[in-house]
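What follows is a set of notes on a single structure, which appears directly below.
Residue numbers run from 1 in the order of the sequence given. Only this structure's heavy atoms are used, side chains among them; waters, hydrogens and symmetry mates stay out.
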Amino acid sequence: MGEERGGGSCGITRELQKLKQQAMEYYRENDVPRKLEELLNSTFYLQPADVYGHLKANYFSKLAKPPTLCKIVGKNVLDGLGLPTLQVEIFCTIQNFPKNICSVMIPTHFEVHENALPEVVEAEEVERGLAVSTAIQWVNETITEELRGLVPSNQAQVDHMLRLFFVKKVQEDKERKELEKSLEESVVPVPPPVMPPPSAPPPAKKKGQKPGRKETITEKPIPPAEPAEPVLCGSMAIGAVSLAIAKASAILGSIPLYLNIALLKHNQEQPTTLTMPLLMVSLASCGKSSPGKLNLMKEVICIPHPGLTTKQGVEMLLEIRKQINKVIESPPPPKVETKKGHNGSKRGQPPVTSKMSHLGCLIITCDTVEQLLLLIQGICANLGLELGTNLHLAINCAGHELIDYSKGKYEVMAGVYKSAAEMVDLYVDLINKYPYIIALIDPFRKEDAEQWDSIYNALSSRCYIIAGTASKSISKLLEQGGIGSPRSHGLIIKHTNQTTMSDLVEITNIIDSKKHLTILGSTEGESPDDSLVDLAVGLGVRFIKLGGLSRGEWVTKYNRLLTIEEELAQEGTLGFKEEHTFFYFNEDAEKALEAAAGAGELLEPPEPIFPTEVVEELAKM
């Protein structure tokens, strides 16, 4: 018995010795004894009150492995209009435990149609629901597996893997469509009976046209509408995951998201200053969906002077909106009866009424272009503000919504149609009459390239011509490696669908290299997520185009702008915003400048023109 007991004891001892030896080798390989000795010696001299807190915060956390992605979760949530959209949550393994780091929401790319037909709305709801559910499936089943174990701070690697995943999905979709097409072609359809074509009716004679006289003036046919760029169902998963990982990296690095984006933009070199983007705030809407006759102004946008802080600009615009509300809510003046029994008001100037748009601005009933502009001009004068000095205006014309394909013309007012050539004259007259309008967004469809050239030649020295909906998507712009048509001063870019953080950095670099303006815009169906503001600051865009100063999804973003400006001011890193300037470049001049730069020659650039100078010159005339 004793021998057996003694033999067992020896076996246990040998096992313990073996374990001790393995432990010593394990700790020695990881340099634990030396590091612990240094730690204990330094802690003894410091003698902190919270010994274990000191050890964890200042030593063990630094020695731990960096956090890695362990799970990415996609969820169906509601956007600012109560419609489904995608939310992505990021989980990381930190010191051997999973931890929820952050979440982001990405808006869908769908436009909001105020007065759409019920069948159109229903079809879009189905398409939207499928896009969101597909995106959730991508995130939860494949993307989370492919990105597991990656370090969130390696944004380039994450975006590269997301891009490869998306390319694979595009190929799968292409193969599926080709298979469906081949199956359809394999079924031989029964040809319908051939019916003789109806005889064409005689051409209608215009009023006053004599018999036998031919009409000599013919309108130039408009170019047909280009097919819409295809959007792969579920693609919003790519943009959402890329943004969520950028946000997670910022949180784990204890820096704000805008600084993380700025580091990506500047190759991990922290810029000495960051500049706040200039505000483009929607004030009113008199577009196609408004109840008045006027269709031309989908958005009337206020741009505070660059010399004002973001806070000063917001406060000024809140006061202007407050005064507009007072005018709208005040009862109309008593009608003055004339001898004929008609009131003395001007024709086409009905009382101004309004309701709130999904863009967070007022939908105002107007029958003429002048009506709303004179209202804003009068309110500014009453507040001691001068349009063209304290603030400027921009007009989102939404040309693609104005076109009537049956007539081949733009319906600028109810029943009033103008050809593309006539629209150029209309815009030139508008800017001549109201020089404080310094930007026209989407004055035409993207297909009317000739008119884009014409309006650029006519107005580019005093008004920004901006392509929003008329511009190609970020993916297409990156494919072609340039800005392309239509001709403009700048582009409105949006973070939607498969656009990654790396894509945003690349496209803004391209736009900057072409000396064009970058406007980071929101989609029409926005979410309460405020990450868009951090992207604008980090990317260093010139303008940020948000909705109005109403509705939670917009106000959240304005509050984030105010917070960032305050942070940068306190840290002494708030940059200076330059005055609005206009340069006129024709294509030949641009090519000459590029050729001269390549040859080492220096050509004098054109003199910049300031909006205030334009206003002053016109005032003297």
Side-chain angles (χ1 to χ4, degrees), residues 66-69 72 74 86-90 92 101-109 135 138-139 143-144 146-147 150-167 234-271 274 277 473-479 491-513 518-523 527 529-541 544 557 560 564:
T68 55
L69 297 169
I72 304 175
L86 174 65
Q87 176 179 285
V88 168
E89 294 181 343
I90 299 294
C92 287
I101 305 301
C102 66
S103 66
V104 300
M105 293 172 62
I106 186 172
T108 62
H109 68 279
W138 286 9
V139 173
I143 293 178
T144 186
E146 294 195 359
L147 300 186
L150 293 183
V151 178
S153 58
N154 196 342
Q155 188 74 42
Q157 183 183 7
V158 168
D159 289 345
H160 177 68
M161 295 186 69
L162 289 172
R163 195 174 294 115
L164 292 178
F165 172 81
F166 180 72
V167 169
S235 60
M236 61 193 305
I238 306 299
V241 170
S242 179
L243 173 60
I245 289 177
K247 186 174 181 180
S249 175
I251 292 173
L252 294 169
S254 301
I255 61 173
L257 176 58
Y258 63 81
L259 183 55
N260 189 33
I261 300 298
L263 291 171
L264 294 175
K265 171 87 171 177
H266 298 279
N267 297 317
Q268 299 303 316
E269 292 184 9
Q270 184 169 337
L274 290 174
S473 68
I474 292 177
S475 297
K476 288 294 181 183
L477 292 173
L478 292 176
E479 281 181 18
L491 308 178
I492 298 176
I493 61 173
K494 298 177 181 179
H495 178 236
T496 56
N497 302 323
Q498 68 269 23
T499 302
T500 64
M501 299 301 100
S502 300
D503 292 337
L504 286 173
V505 169
E506 186 176 353
I507 192 60
T508 53
N509 285 338
I510 291 174
I511 296 173
D512 293 345
S513 69
T518 305
I519 301 100
L520 188 62
S522 57
T523 60
S527 73
D529 193 293
D530 59 8
S531 303
L532 178 72
V533 175
D534 287 74
L535 297 182
V537 176
L539 293 169
V541 302
I544 182 169
K557 295 172 177 59
R560 180 60 182 156
I564 293 175

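In this structure, Pro152 and Val158 have side chains that are not in contact, with every pair of non-hydrogen atoms separated by 4.5 Å or more. A 4.5 Å side-chain heavy-atom check between Ile564 and Val533 finds at least one atom pair inside the cut-off. You'll find the side chain of Leu477 stays beyond 4.5 Å of the side chain of Ile511, heavy atoms only. Between Leu259 and Gln270 the shortest side-chain heavy-atom distance falls below 4.5 Å. Two residues are said to be in side-chain contact when any heavy atoms from C-beta on lie closer than 4.5 Å; Ile106 and Ser527 fail this criterion.
Every side-chain contact (heavy atoms from CB on, under 4.5 Å) that Ser153 has, sequence neighbours left out, goes to Val151, Ser249. Under the salt bridge (charged side-chain N to carboxylate O under 4.0 Å, His left out) criterion, Asp529 pairs with no residue, sequence neighbours left out. Partners of Ser475 under the side chain to side chain donor-acceptor pair (under 3.5 Å) rule, at least two apart in sequence or in another chain, are Gln498. Residues meeting the side chain to side chain donor-acceptor pair (under 3.5 Å) test with Lys247, sequence neighbours left out: none. Every residue meeting the salt bridge (charged side-chain N to carboxylate O under 4.0 Å, His left out) condition with Glu479, not counting sequence neighbours, appears here in chain and number order: Lys476. For Gln157, the side chain to side chain donor-acceptor pair (under 3.5 Å) partners are Asn154, not counting sequence neighbours. Applying the side-chain contact (heavy atoms from CB on, under 4.5 Å) rule to Gln268 yields the partners Leu263, Leu264; only residues at least two apart in sequence or on another chain are considered. Thr108 pairs by the side chain to side chain donor-acceptor pair (under 3.5 Å) definition with Arg128, not counting sequence neighbours. When the ring pair (Phe, Tyr, Trp, His ring centres under 6.0 Å) test is applied to Phe166, no partner is found at least two apart in sequence or on another chain.
Summarising the geometry, atom CD1 belonging to Ile72 is positioned 10.0 Å from atom CD belonging to Glu146; distances are rounded to the nearest 0.5 Å. Separating the CG atom in Leu504 from the CG atom in Leu520 is a distance of 7.0 Å, to the nearest 0.5 Å. Atom OG1 of Thr508 and atom CG of Leu539 lie 5.0 Å apart (nearest 0.5 Å). Rounding to the nearest 0.5 Å gives a distance of 11.0 Å between CG of Asp159 and CD of Glu506. Atom CD1 of Ile507 is separated from atom OG1 of Thr518 by 8.0 Å, given to the nearest 0.5 angstrom. Interatomic distance, CD1 of Ile544 versus CG of Leu535, reported as 8.5 Å (0.5 Å rounding).
Applying the salt bridge (charged side-chain N to carboxylate O under 4.0 Å, His left out) test to pairs two or more places apart or on separate chains, those with a residue in residues 254-267 are Lys265-Asp512. Every pair passing side-chain hydrogen bond (donor to acceptor under 3.5 Å, both in side chains) that includes a residue from residues 252-264 is listed here, sequence neighbours excluded: Tyr258-Glu567. The list of salt bridge (charged side-chain N to carboxylate O under 4.0 Å, His left out) pairs with a residue in residues 494-504, not counting sequence neighbours, reads Arg163-Asp503.
For Leu532 against Gly521, the heavy-atom pair with the smallest separation is CD1-O, 4.0 Å. Closest non-hydrogen pair, Cys92 versus Leu252, comes out as SG-CD1, 4.1 Å.
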Next on the checklist: What verdict does the side chain to side chain contact (heavy atoms under 4.5 Å, CB included) test give for Ile474 and Asn497, after you've listed the backbone C-alpha separation in whole Å, the side-chain angles of each residue and the deciding distance to 0.1 Å?
Outcome noted: CA-CA 10 Å; Ile474 292 177; Asn497 302 323; over 6 Å; no
Item to check | Pair Met161-Leu150, side chain to side chain contact (heavy atoms under 4.5 Å, CB included): steps then yes or no | outcome: CA-CA 11 Å; Met161 295 186 69; Leu150 293 183; 3.4 Å; yes
Item to check | Check against side chain to side chain contact (heavy atoms under 4.5 Å, CB included), Val241 and Leu147 | outcome: CA-CA 10 Å; Val241 170; Leu147 300 186; 3.9 Å; yes
Item to check | Check against side chain to side chain contact (heavy atoms under 4.5 Å, CB included), Ile493 and Ile519 | outcome: CA-CA 6 Å; Ile493 61 173; Ile519 301 100; over 6 Å; no
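In this structure, the side chain of Ser242 engages the main chain of Met501 through a donor-acceptor pair within 3.5 Å. Side-chain atoms of Ser103 never come within 3.5 Å of backbone atoms of Glu89 as a donor-acceptor pair (strictly under, hydrogens ignored).
Sparse packing is recorded around NE2 of His160, with 12 or fewer heavy atoms of other residues, nucleotides or ligands lying under 6.0 Å away.
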